[in-house]
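Report on one structure; see the data block that follows.
Every heavy atom of this structure was used, including side-chain atoms; hydrogens, water molecules and symmetry mates were not. We number each residue from 1, following the sequence as shown. A quick note: this is a predicted structure, and the numbers were derived from the prediction, not measured.
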Amino acid sequence: MIELTLIGIGTGNPRHLTLQAIDAINAADLILIPLKGADKSDLAGLRRGICSAHLTNPAAKVIDFALPVRDAANPSYRKGVDDWHDAIAEAWMAEITTHCQGLNGRVALLVWGDPSLYDSTLRIAERLKSRLPITTKVIPGITAIQALCAAHAIPLNEIGAPVQITTGRQLRDHGWPAGTDTVVAMLDGECSFQSLDPAGLTIFWGACVAMPEEVLIKGRVAEVTAQILQARADLRARHGWVMDIYLLRRNLPNA
């Protein structure tokens, strides 16, 4: 039986790991590190850095594997994602069958933030259950939302008020969600807050939060949009990638 452990590692800072996460890393026989291409090699390096900082089990194997790329040209976004997840499950299976003799052992994957929040690792793990004898265990991690709120020293919610967590695509397609004055946008490569009426909107934006490259910007959307776009472009030019997140609030006084 394969025990697959999905370990939340926070936003890339090795000090984000919980004691439970460190124990799980050291209990693994095989740790899989996805490679997302030369322009994102730093991401694999960050995972390897976490292993270097916390892995003390000499028997654990740390193996890189090529992560399949989603076909962005597929006219059906959902079908493209489903096909992509199937391909990733096949890649996991190939590594597990190669490195886990007799299909027994403990396999770990290091997941940015927390596996439960806008991450598909759990859904991909479900695909493996029809292919391999497998159980899944999750170690929670610090989410990008927690890291963003901590970096700006703000609460996630206003008193007794709801929060909507959504994506850039949803903001662009459907506008401001009804029933809330606080919105957190994830997976937004297009700064989709630009599609909203900026009147009364305050943004708390962060890129590479809690990492050495961290950039934080806050203010009225109408006043800081150009600054955010420039900061994001600069980070992408330097690193080949950028991970950012933002919180929007309506009608916030004294921003």
Q: Show your working on salt bridge (Lys or Arg N to Asp or Glu O under 4.0 Å) between D83 and K79 and close with a plain yes or no.
A: CA-CA 6 Å; D83 291 345; K79 180 63 165 57; 2.8 Å; yes

Q. Given the rule in the side chain to side chain donor-acceptor pair (under 3.5 Å) test, do D244 and W205 qualify, once you have shown the distances and angles that lead to the verdict?
A. CA-CA 7 Å; D244 61 335; W205 178 86; 3.0 Å; yes

**Q.** side chain to side chain donor-acceptor pair (under 3.5 Å) evaluation trace for T98 with E95
**A.** CA-CA 5 Å; T98 297; E95 298 300 329; 5.5 Å; no

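Panel note: side chain R250, backbone T182; no donor-acceptor pair is recorded below 3.5 Å. With hydrogens and angles ignored, the 3.5 Å screen pairs a side-chain donor or acceptor of R106 with a backbone N or O of A27. Using a distance-only test at 3.5 Å, with no hydrogens or angles considered, a donor-acceptor pair links the side chain of E214 to the main chain of A210. Side chain of N13 to main chain of M211: no donor-acceptor pair is present (N/O by atom type, distance under 3.5 Å, no hydrogens or angles). Between the side chain of N104 and the main chain of M1, a donor-acceptor pair closer than 3.5 Å is present. H85 places no side-chain N or O within 3.5 Å of a backbone atom of R123 that could act as its donor or acceptor partner. The backbone N or O of A24 sits nowhere less than 3.5 Å from a side-chain atom of N26 that would complete a donor-acceptor pair. A donor-acceptor contact shorter than 3.5 Å links the side chain of W84 to the backbone of P68. With hydrogens and angles ignored, the 3.5 Å screen pairs no side-chain donor or acceptor of D114 with any backbone N or O of G8. Distance alone, capped at 3.5 Å, is enough to place a donor-acceptor pair between the K61 side chain and the H99 backbone.
Between atom OG1 of residue T180 and atom CD1 of residue I165 there is a gap of 10.0 Å, rounded to the nearest 0.5 Å. Interatomic distance, CG of D29 versus SG of C100, reported as 6.5 Å (0.5 Å rounding). Once rounded to the nearest 0.5 Å, the distance linking CD1 of I9 with NE2 of H54 reads 10.0 Å. To the nearest 0.5 Å, the span separating CD1 on I22 from CD1 on I139 amounts to 11.5 Å. Taking CD1 of I96 as the reference point, atom CG of L128 lies at 5.5 Å (rounded to 0.5 Å). L17 contributes atom CG, which lies 7.5 Å from atom CD1 of I7 (distance to the nearest 0.5 angstrom).
Checking T121 against D119 by side-chain atom types alone, a donor-acceptor pair falls below 3.5 Å. Residues R172 and S192 have side chains that bring a donor and an acceptor to within less than 3.5 angstrom of each other. A donor atom on one side chain and an acceptor atom on the other are not found under 3.5 Å apart for T167 and Q170. Under the 3.5 Å distance criterion, with hydrogens and angles disregarded, a donor-acceptor pair is assigned to the side chains of R220 and T202.
S195 places none of its side-chain heavy atoms less than 4.5 Å from the side chain of E190. Within the 4.5 Å cutoff, side-chain heavy atoms of I203 are placed close to those of F193.
Using a cutoff of 4.0 Å between basic side-chain nitrogens and carboxylate oxygens, K129 and E126 are scored as salt-bridged. Classification of D82 and R78 as a salt-bridged pair holds, one side-chain N sitting under 4.0 Å from a carboxylate O. The pair D188-R169 does not meet the salt-bridge criterion, since no charged nitrogen lies less than 4.0 angstrom from a carboxylate oxygen. D64 has a carboxylate O that lies under 4.0 Å from a charged side-chain N of R48, or vice versa, which qualifies the two as a salt bridge. For D86 and R127, the salt-bridge test passes: some basic side-chain N is under 4.0 Å from an acidic carboxylate O. For the pair E90 and R131, the salt-bridge criterion is met [side-chain N within less than 4.0 Å of a carboxylate O].
The shortest heavy-atom contact between L247 and C149 is CD1-SG, 4.3 Å. Considering every non-hydrogen atom in both L6 and A125, the closest pair reads CD1-CB, 4.5 Å. In terms of heavy atoms, P140 sits closest to V138 at CD-O, 3.8 Å. The two residues I217 and A231 make their nearest non-hydrogen contact at CD1-CB, 4.0 Å. Residue V209 comes nearest to L148 through the heavy atom pair CG1-N, 4.0 Å, listed as atom of the first residue, atom of the second, then distance.
Between Y246 and F204, the distance from one ring center to the other does not fall under 6.0 angstrom.
Considering L4, V107, I2 as possible partners of W92, the one that fulfils the side-chain contact (heavy atoms from CB on, under 4.5 Å) test is L4.
Applying the side-chain contact (heavy atoms from CB on, under 4.5 Å) criterion to L229, with sequence neighbours excluded, gives C191, Q194, T225.
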